Amino acid sequence: MPATVVVGAQWGDEGKGKIVDLLAQRSDVVCRYQGGPNAGHTIIAGGETYKIRQTPSGVISGKVSVIGAGCVVDPEVLIAELDDLDARGVDTSVVVLSGNAHLIMPWHIAIDQASERRLGKLQIGTTRRGIGPAYADKASRLGIRVQDILDPKILRQKIEVALAEKNVWLERVYEVEGFELEDVASRYENYAQRLRPIVGDASLLVDQALREGKDVLFEGAQGTLLDLDHGTYPFVTSSNPIASGASTGMGIGPTRIDRVLGVAKAYVTRVGEGPLPSEIEGPDQARVQELGGEFGTVTGRVRRCGWLDLVALRYAVRVNGITSLALTKLDVLSAFAELPVCVRYVQRDGSETPHFPAHQSDFHHARPVWQVLPGWGEPLDDASTRSALPENARRYVEFVEDALEVPVELVGVGAARERVLA
């Protein structure tokens with residue numbers, strides 16, 4: 001390959017886990033470069049269903065699985081996940097955790113939950129798992145890193161410094177109970193015993209693998225339009241899911257990346273607040289949700305569904321440098337006789353544009369211009385290759401390729417690993 005970034009090309013939940021799992025079969029190392037346990041991957045392999053939140057998808061295939069410095073780690077979640085995988089016969093000794101990754105601490109979760117409650121109708125729609133506050137402390141240089149828990153003295157000092165500020169915020173601003181130094185320190189010292197064997201130099205490991213000509217796969221959480229800098233701010237995540245985030249999150253130079261595979265659904269979904277110009281109106285919304293199983297892996301929240309938005313997808317191609325696409329869940333659209341596709345936006349002044357608005361206020365007012373494509377009205381169960389798809393299904397894929405000027409390399413037509421067509 002040998003260095004491939006798999007990036008979500010929409011608002012997350014595009015099916016990256018399955019695509020990474022498929023590509024992991026011919027990779028040597030799989031790396032998670034950003035995000036935390038707010039994003040989940042569902043993988044179906046060997047008749048088993050795995051829902052993982054913190055561990056790279058490659059662990060299911062027994063590949064070296066690296067959690068990079070760009071991630072934030074909830075040790076309780078990670079340890080429970082590793083223990084569950086071990087119990088199911090998955091070898092977790094292949095997991096490597098960067099000592100530079102930051103830890104989600106109890107006060108991060110408490111602040112995240114209290115902050116969302118306080119915002120009321122203005123809330124962002126976070127998963128309330130402490131991701132944003134953990135990244136905020138990282139930027140403020142108040143964060144506690146994985147390597148800090150390996151030294152009890154350093155750990156206690158850092159917790160004490162953090163609590164001197166965090167308890168004031170929790171008690172006086174958010175009016176919730178604070179935390180005790182001894183309780184937090186003893187809990188995280190216990191976590192350290194379980195995590196110590198897997199902590200390593202992620203940047204060095206990946207660099208050596210690339211120098212040896214090994215195939216390295218980088219997976220991001222969430223998606224392009226949730227990127228902190230280039231997404232639909234403020235309804236975004238707190239890190240950089242876009243492809244360039246793989247370089248900073250893992251500690252390798254951008255010249256080491258050979259290709260970028262964008263993953264997009266054949267329609268579009270969004271969890272939480274924020275605009276969704278191509279959102280489906282009427283009963284078809286619930287129909288897509290049911291057929292697509294559009295409920296969050298981590299939160300169980302119902303995902304808002306829209307018809308495919310080529311304006312947003314074109315933007316994802318641009319900011320990621322996407323070289324090819326994987327189009328997932330094409331089978332969900334088999335139930336519809338007609339398939340609207342958003343090809344342009346109508347702006348506030350009445351003009352039309354094929355480009356994603358640079359300003360958030362313009363995006364809030366954008367309305368879709370539809371091009372309606374014919375459906376195919378039959379299941380895709382018998383198709384074993386892309387050429388075996390019904391004619392209108394093939395045309396739908398070709399329409400996407402032509403509009404974006406990017407080849408569709410893979411087409412997902414079912415939940416299992418083998419239901420991805422080349």
Side-chain angles (χ1 to χ4, degrees), residues 1-8 16 20 23-24 27-39 54-59 63-75 78 93-104 131 134-151 154 158 192 195-222 224 227-230 237-261 319-321:
M1 290 191 287
T4 300
V5 179
V6 176
V7 62
K16 296 182 297 296
V20 171
L23 298 180
S27 300
D28 301 296
V29 182
V30 180
C31 307
R32 172 86 174 267
Y33 59 84
Q34 52 77 224
N38 56 332
Q54 190 84 76
T55 316
S57 305
V59 69
K63 303 304 173 78
V64 175
S65 299
V66 184
I67 301 173
C71 297
V72 289
V73 177
D74 186 326
L78 177 57
S93 67
V94 296
V95 176
V96 178
L97 172 60
S98 171
N100 289 340
H102 279 246
L103 292 172
I104 297 171
I131 311 302
Y135 275 114
D137 276 1
K138 174 181 178 178
S140 299
R141 297 177 294 277
L142 290 173
I144 298 176
R145 297 190 293 177
V146 168
Q147 60 184 272
D148 296 328
I149 66 172
L150 304 182
D151 186 319
I154 292 175
K158 293 206 168 190
L195 297 178
R196 187 183 298 274
I198 68 171
V199 177
D201 188 336
S203 172
L204 180 61
L205 184 155
V206 173
D207 179 74
Q208 289 177 335
L210 291 172
R211 288 179 183 277
E212 293 168 7
K214 293 181 177 179
D215 290 332
V216 180
L217 197 59
F218 300 90
E219 63 168 333
Q222 291 95 27
T224 299
D227 186 88
L228 179 60
D229 294 306
H230 301 285
T237 193
S238 303
S239 57
N240 294 110
I242 60 173
S244 55
S247 179
T248 55
M250 286 308 307
I252 61 165
T255 55
R256 309 301 293 280
I257 296 170
D258 296 290
R259 68 173 186 146
V260 179
L261 175 65
V319 299
N320 289 291

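In what follows, residues are counted from 1 in the order of the sequence shown. From a predicted model like this one, the values you see are computed outputs, not experimental measurements.
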Could you pull out the closest heavy-atom pair between [X] and [Y], with the gap in Å?
X	Y	value
P2	L210	O-CD2, 4.4 Å
L217	A24	CD2-N, 3.9 Å
P75	L195	CB-CD1, 3.9 Å
G68	A101	O-CB, 3.6 Å
S203	G251	OG-O, 2.7 Å
Q222	G35	OE1-CA, 4.3 Å

Are any of the side-chain heavy atoms of [X] and [Y] separated by less than 4.5 Å?
X	Y	value
Q34	P241	yes
P56	I67	yes
V199	I149	no
F218	V206	yes
V64	D28	no
T4	D258	no

Rounded to the nearest 0.5 Å, what separation is found between the [atom1] atom of [X] and the [atom2] atom of [Y]?
X	Y	atom1	atom2	value
L205	M250	CG	CE	7.5 Å
T237	L228	OG1	CG	8.0 Å
L103	Q147	CG	CD	10.0 Å
I104	D137	CD1	CG	11.5 Å
I252	C31	CD1	SG	7.5 Å
H102	D148	NE2	CG	8.0 Å

Main chain of D229, side chain of D227: is a donor-acceptor contact present, judged purely on distance under 3.5 Å?
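Yes: the side chain of D227 pairs with the backbone of D229.
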Does V6 form a side chain to side chain contact (heavy atoms under 4.5 Å, CB included) with L23? I'd like the steps, not just the answer.
CA-CA 10 Å; V6 176; L23 298 180; 4.0 Å; yes
Kindly determine whether Y33 and V7 satisfy side chain to side chain contact (heavy atoms under 4.5 Å, CB included), including the steps that lead there.
CA-CA 11 Å; Y33 59 84; V7 62; 4.1 Å; yes
Looking only at side-chain N and O atoms, does N320 offer a donor or acceptor that is under 3.5 Å from a partner on T224?
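Yes, N320 and T224 have a side-chain donor paired with an acceptor closer than 3.5 Å.
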Reference residue S57; test side chain to side chain donor-acceptor pair (under 3.5 Å); the match among E219, R32, K63, K16
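Testing S57 for a side chain to side chain donor-acceptor pair (under 3.5 Å) against E219, R32, K63, K16 leaves exactly one candidate, E219.
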